[in-house]
Amino acid sequence: MLAFDLSGPLLPEGKGTPRRRNIKSLEGELVISTTTAARQAKEYQTSPFQEVALYLVHGILHLCGYDDHCQRDISKMRKRERELMELLGRKKYLA
């Protein structure tokens with residue numbers, strides 16, 4: 001999954017915290033490989049649909065300023081992924 005932010009620069013809020021925009025819209029583009037999703041679904045014993053949903057949530061979080069480069073940020077991002085996947089009705093979320 002690739003996320004391309006097309007809305008301009010982020011506002012700095014400090015190290016390790018999600019940087020949120022001071023705007024009401026989000027502009028970006030996500031590229032999701034359904035081939036990769038199908039392969040990963042087999043590995044993680046989920047459905048390809050669930051993998052694509054996870055990639056979509058993950059990409060949107062990146063566009064919202066979440067990061068996954070250090071353990072602290074990864075933990076925050078995974079927690080938010082779980083919350084959003086549960087809201088989507090994807091209870092069997094493995095991460």
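Along the sequence shown, residues carry numbers from 1.
- Pairing each heavy atom of Ile32 with each of Tyr55, the nearest pair is CG2-CD1, 3.7 Å.
- Residues that satisfy the salt bridge (Lys or Arg N to Asp or Glu O under 4.0 Å) test with Lys42, not counting sequence neighbours, are absent from this structure.
- A side chain to side chain contact (heavy atoms under 4.5 Å, CB included) with Met77 is found for exactly one of Asp68, Val57, Asp67, namely Asp68.
- The heavy-atom pair separating Tyr66 from Lys76 by the smallest distance is CE2-O, 4.3 Å.
- Taken to the nearest 0.5 Å, the CZ atom of Arg82 stands 13.5 Å off from the CG atom of Leu87.
- In this structure, CZ on Arg80 lies 8.5 Å from SG on Cys64, to the nearest 0.5 angstrom.
- Distance check: Gln50 CD to Met85 CE gives 5.0 Å after rounding to the nearest 0.5 Å.
- Residues meeting the side-chain contact (heavy atoms from CB on, under 4.5 Å) test with Glu43, sequence neighbours left out: Gln40.
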### Task
Go through the steps for Leu84 and Leu61 under the test side-chain contact (heavy atoms from CB on, under 4.5 Å), then give the verdict.
CA-CA 10 Å; Leu84 293 172; Leu61 288 175; 3.9 Å; yes
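- To the nearest 0.5 Å, the span separating CG on Leu88 from CD on Glu86 amounts to 10.5 Å.
- Scored by the side-chain contact (heavy atoms from CB on, under 4.5 Å) test, Thr34 finds Val52 as partners (sequence neighbours excluded).
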